Novice: 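I am attaching a structure below and will ask some questions about it afterwards.
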2 protein chains.
Amino acid sequence: MVTIRDVANRAGVAISTASYALNNDPRVSEETRRKVLKVVEEMNYRPNAIARSLKRKKSETIGLFLNDFGGPFFSSVIQGVEEVVSSNGYNLVACSTYGGNHNTTTNRFLQEKQLDAAIILGPNIPDELIVQVASKDFPVVVMDRELKAEHVHSVLVDNEQGAYTATRHLINLGHRKIAYLSGPVNSYNNQKRLVGFKRALEEADIAFQSAINVQGHFTEHGGYQVMKSLLMSKNVPDAIFSANDEMAIGAIQALTEAGIRVPQDVAIVGFDDIRLSSYIRPALSTIGHPKQEWGTVATHVVFQTLQDPSEQSRSIMLDTELIIRDSCGAALQST
Amino acid sequence: MVTIRDVANRAGVAISTASYALNNDPRVSEETRRKVLKVVEEMNYRPNAIARSLKRKKSETIGLFLNDFGGPFFSSVIQGVEEVVSSNGYNLVACSTYGGNHNTTTNRFLQEKQLDAAIILGPNIPDELIVQVASKDFPVVVMDRELKAEHVHSVLVDNEQGAYTATRHLINLGHRKIAYLSGPVNSYNNQKRLVGFKRALEEADIAFQSAINVQGHFTEHGGYQVMKSLLMSKNVPDAIFSANDEMAIGAIQALTEAGIRVPQDVAIVGFDDIRLSSYIRPALSTIGHPKQEWGTVATHVVFQTLQDPSEQSRSIMLDTELIIRDSCGAALQST
DNA sequence: GATTAACATCGAAACGTTTCGAACAGGCAT
DNA sequence: ATGCCTGTTCGAAACGTTTCGATGTTAATC
């Protein structure tokens with residue numbers, strides 16, 4: 001491995017001079033700089049980023065922690081993050097947090113100071129770990145929870161408002177018996193969406209029926225299963241608000257198989273606006289949110305804090321949008 | 001920041017002893033080890049991974065280079081990679097290679113020895129860079145090209161055979177005028193798929209018509225556009241082999257809009273078996289390949305080479321599978 | 001011709017670890 | 001007493017950079 005010492009020797013200068021030359025320090029003369037750069041070229045020298053990070057106490061790398069690379073809209077979020085990170089001349093590493101507390105990658109990157117900042121979209125990282133690692137020169141942005149702590153910022157989708165809008169929409173279409181197709185009960189997103197759902201019901205004087213509040217684990221298969229059992233119990237609602245699109249798609253499948261028409265017999269609205277939603281039949285009405293922007297905003301917060309570490313903790317909420325397609329029946333009524 | 005020196009001081013031992021204690025070296029007595037670990041706990045000490053990497057010349061991290069996190073099946077590949085990496089106690093970082101040669105992340109991680117190995121699925125990383133960085137203690141696995149060089153291994157999908165099977169299938173169904181819906185001409189995947197396509201035609205004594213060899217950039221929109229213009233030119237084929245599913249989906253959209261029935265008027269087969277393919281109507285017949293396994297195999301090769309650096313360069317080819325749904329018309333004929 | 005300033009270069013310390021070789025203490029056999 | 005293990009601990013050098021403070025040169029000023 002060729003080091004800066006080799007370069008310095010060959011160029012006939014001190015190590016420090018070589019280093020200055022490489023870092024465009026104005027002290028070094030144009031002549032020496034050229035000499036050094038020529039040798040660098042000849043020897044194909046590459047600075048060792050690890051040694052540099054050790055000395056500078058900066059890695060110019062920010063970490064994005066995801067619990068699941070396979071998720072349906074994470075790719076959009078990553079693209080947003082990537083865009084801002086690289087436009088700032090920083091590097092991005094994406095780390096999987098799969099595997100919970102014993103995950104070595106998470107602990108290693110988060111606790112062992114290999115990064116300059118972290119963006120978190122992995123609910124299985126505990127709050128305590130986050131507040132522990134966040135510090136003046138290690139800002140953290142969370143996208144999957146509210147967490148009020150020093151040097152921790154949050155960028156969130158307005159789950160509650162979105163769920164409220166979706167439910168409200170179903171109520172306006174004349175539905176009264178509306179089921180909530182729930183994600184994992186301890187999920188932050190699910191909790192907020194449930195709150196919005198309940199608020200809309202309450203406003204319309206509809207009682208919340210826990211019998212038709214069923215849990216589908218945020219997966220297509222879960223949605224399918226749960227819908228199946230709801231059908232068995234003969235407890236079929238007029239309408240369904242699904243806490244995400246995946247489950248809604250599974251539910252539609254189950255309904256269709258049972259000969260129940262969507263939206264004529266049961267109307268359904270989802271949440272997330274994943275790509276698949278506009279392709280299935282009937283096309284899924286849903287609550288959309290700006291996935292890529294979500295990533296860019298979070299990343300901007302990171303860089304602002306990096307530039308001005310005295311920055312206050314911020315909390316940003318992104319708006320959602322009702323997307324009407326076929327599964328809610330609104331298009332049908334209006335014609 | 002609390003360092004090992006602080007720990008050593010507080011515990012009343014030498015730095016080296018503290019280090020040995022932390023690394024379970026048998027030299028240190030049980031008593032001292034406990035004393036050190038207690039102090040570690042008290043002070044909440046975390047070793048600095050950067051300093052360790054510098055000294056050990058190992059980062060226990062492997063890098064996965066992707067040109068596009070948003071791709072439709074990359075998430076499956078990543079999951080496969082992640083699984084093997086973490087089961088070996090290593091860390092995974094995923095780096096975007098978006099932006100071509102000037103991409104700093106790529107250069108930095110690849111050239112500046114922050115990693116122990118690399119897996120590459122980003123065609124915009126030039127061959128020269130790969131052979132330059134591959135070395136005895138830095139194995140590289142490519143998944144997006146053939147590249148014969150020392151310390152470079154390849155794990156590939158059998159594009160040619162897959163394309164051959166798909167085309168052959170269309171021919172067997174009685175089609176003679178078959179269009180090739182092409183990806184970027186310089187793409188390795190596209191080239192191989194084209195070869196397989198041509199081989200099938202040749203075998204059946206069908207001339208390759210360059211007029212219906214059209215380029216759709218591997219995107220849905222590209223497939224849609226290209227199909228539109230093919231329809232304008234009145235040069236409509238009996239059947240289409242699309243070099244990937246995305247383009248096939250766009251093409252079906254264009255055909256449907258023009259009132260042309262799939263598969264009755266035009267049969268179509270894609271490549272990749274992305275998730276969407278089984279949801280669209282008509283469901284897309286395609287060539288499937290084991291995406292997650294692709295990742296796990298590549299990663300196994302990495303670890304084998306890491307364990308035995310004298311390992312020969314390997315080249316592994318994964319089989320594909322014809323998946324018959326509705327768009328090719330086979331299901332229709334058989335009933 | 002002495003004084004100063006500006007410029008270019010250098011040596012050495014530091015970043016936080018790991019690890020080599022030496023040192024020390026105690027126990028045992030000579 | 002001497003020598004030699006064995007078990008434990010230690011000091012110091014290294015890893016490849018960056019950066020502080022010092023040093024030497026040269027040219028400009030009085």
Side-chain angles (χ1 to χ4, degrees), chain A residues 1-37 39-40 43-61 91 108-109 111-116 135 137-138, chain B residues 1-37 39-40 43-61 91 107-109 111-116 137-138:
Chain A
M1 184 188 215
V2 30
T3 75
I4 199 173
R5 146 174 262 123
D6 302 324
V7 172
N9 284 346
R10 175 99 89 111
V13 299
I15 295 181
S16 44
T17 307
S19 174
Y20 288 135
L22 285 167
N23 291 291
N24 292 318
D25 190 293
R27 267 183 281 194
V28 52
S29 73
E30 204 42 53
E31 195 194 333
T32 335
R33 186 189 315 282
R34 266 202 303 275
K35 197 165 57 182
V36 171
L37 292 180
V39 174
V40 163
M43 306 183 80
N44 193 29
Y45 164 78
R46 299 290 156 187
N48 181 317
I50 295 189
R52 173 188 296 152
S53 299
L54 178 58
K55 182 66 205 189
R56 287 214 182 136
K57 301 187 168 197
K58 283 194 157 209
S59 58
E60 304 216 300
T61 302
N91 304 116
R108 187 137 172 198
F109 280 93
Q111 301 196 54
E112 303 185 359
K113 306 296 167 206
Q114 304 204 71
L115 303 171
D116 292 351
S135 73
D137 40 35
F138 191 77
Chain B
M1 186 190 212
V2 31
T3 76
I4 199 173
R5 146 174 261 123
D6 303 324
V7 171
N9 285 345
R10 176 99 89 109
V13 300
I15 295 181
S16 44
T17 306
S19 174
Y20 287 135
L22 285 167
N23 292 291
N24 291 319
D25 190 294
R27 268 182 279 193
V28 51
S29 72
E30 203 42 53
E31 195 195 334
T32 333
R33 187 190 314 283
R34 267 202 302 275
K35 198 165 56 182
V36 170
L37 292 180
V39 174
V40 163
M43 306 184 80
N44 192 29
Y45 164 78
R46 298 290 156 188
N48 181 316
I50 295 190
R52 173 189 295 152
S53 298
L54 178 59
K55 182 66 204 190
R56 287 211 181 138
K57 301 187 168 199
K58 282 195 158 206
S59 58
E60 304 215 303
T61 302
N91 305 114
N107 281 289
R108 189 139 171 197
F109 281 93
Q111 301 196 51
E112 303 185 359
K113 306 297 166 205
Q114 305 204 69
L115 303 171
D116 291 350
D137 39 34
F138 190 79

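In this text, all values refer to a predicted model and were calculated from it rather than measured experimentally. Lettering of chains follows the sequences in order, A, B, ..., and the numbering in each one begins at 1.
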Novice: For the pair Asn9(B) (side chain) and Asp6(B) (backbone), establish whether a donor and an acceptor sit closer than 3.5 Å, ignoring hydrogens and angles.
Specialist: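 Checking the backbone N and O of Asp6(B) against the side chain of Asn9(B), no donor-acceptor pair under 3.5 Å is found.
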Novice: Consider the side chain of Ile15(A), meaning its heavy atoms from C-beta on, and name the nucleotide among dT18(D), dA12(D), dG16(D) that approaches it most closely.
Specialist: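 Output: dT18(D).
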Novice: What is the distance, to the nearest angstrom, from the CZ atom on Arg56(A) to the P atom on dG16(C)?
Specialist: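 Atom-to-atom, Arg56(A) to dG16(C), this comes out as 16 Å.
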Novice: If you check every side-chain atom of Ser19(A), which of dG21(C), dG16(C), dT18(D) has the closest atom?
Specialist: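 Selected nucleotide (nearest to the side chain): dT18(D).
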Novice: If you check the Ser16(A) side chain, which of dT9(C), dT19(D), dT9(D) turns out closest?
Specialist: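 The closest nucleotide is dT19(D).
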Novice: Below 3.5 Å, does any donor atom in the side chain of Tyr20(A) face an acceptor in the base of dC20(D), or the other way round?
Specialist: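 Between dC20(D) and Tyr20(A), which were checked side chain against base, a qualifying N/O pair under 3.5 Å is present.
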Novice: Whole angstrom is fine here: how far is it from NZ in Lys57(B) over to P in dA14(D)?
Specialist: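 Result: 13 Å.
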Novice: Heavy atoms only, 4.0 Å cut-off, all strands: where does Arg33(A) land among base, sugar-phosphate and nothing?
Specialist: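 If one applies the 4.0 Å heavy-atom cut-off, Arg33(A) turns out to touch nothing in the nucleic acid.
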Novice: Within this structure, what is the CZ-to-P distance between Arg52(A) and dG16(C), rounded to whole angstrom?
Specialist: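 Between P of dG16(C) and CZ of Arg52(A): 18 Å.
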Novice: Tell me which of Pro26(B) and Tyr45(A) sits closer to the 5' end of DNA chain D, going by the nucleotide each one is nearest to.
Specialist: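 Closest to the 5' end, via its nearest nucleotide, is Pro26(B).
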Novice: Starting the side chain at C-beta, find the nucleotide from dC10(D), dC15(D), dT9(C) nearest to Thr17(A).
Specialist: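 It is dT9(C).
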Novice: Rounded off to whole Å, could you give me the CG-to-P distance for the Asn23(B) and dT17(C) pair?
Specialist: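 Value for this atom pair: 11 Å.
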Novice: CZ of Arg27(A) versus P of dC7(C): gap in Å, rounded?
Specialist: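 Going from CZ in Arg27(A) over to P in dC7(C) covers 12 Å.
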Novice: Can you find a heavy atom in the side chain of Lys57(A) that is under 4.5 Å from one in the side chain of Asp137(A)?
Specialist: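 The answer is no, as the side chains (C-beta and beyond) never meet within the 4.5 Å cut-off.
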Novice: Can you figure out which of dG11(C), dA8(C), dG16(C) approaches the side chain of Ala51(B) most closely?
Specialist: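 Looking only at side-chain atoms, Ala51(B) lies closest to dG16(C).
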Novice: Contact between Leu37(B) and Leu22(B) at the side-chain level, heavy atoms closer than 4.5 Å - yes or no?
Specialist: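 The answer is yes; the side chains approach within 4.5 Å.
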Novice: Distance check: side-chain N/O of Ser53(A) vs OP1/OP2 of dC15(C), anything under 4.0 Å?
Specialist: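 It does not, given that no N or O in the side chain of Ser53(A) lies less than 4.0 Å from OP1 or OP2 of dC15(C).
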Novice: Which heavy atom of Ser59(A) sits nearest a heavy atom of Asn91(A), and at what distance?
Specialist: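 So the two residues come closest at O-OD1, 4.5 Å.
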Novice: When you measure from the side chain of Arg33(A) to the backbone of Asp25(A), do you find a donor-acceptor pair of N or O atoms at a distance under 3.5 Å?
Specialist: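 Confirmed, Arg33(A) side chain pairs with Asp25(A) backbone.
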Novice: Taking the minimum atom-to-atom distance to the side chain of Met1(A), which one of dT8(D), dT18(D), dG16(D) wins?
Specialist: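 Given the options dT8(D), dT18(D), dG16(D), the side chain of Met1(A) is closest to dG16(D).
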Novice: Give the rounded distance in Å between these two atoms: CZ of Arg5(A) and P of dA14(D).
Specialist: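 It is 9 Å, rounded to the nearest whole Å.
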Novice: Please give, in whole Å, the distance from dG16(D) P to Ile4(A) CD1?
Specialist: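 Distance check: Ile4(A) CD1 to dG16(D) P gives 12 Å.
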Novice: Roughly, in whole Å, what's the span from CG in Asn48(B) to P in dT17(C)?
Specialist: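 Value for this atom pair: 5 Å.
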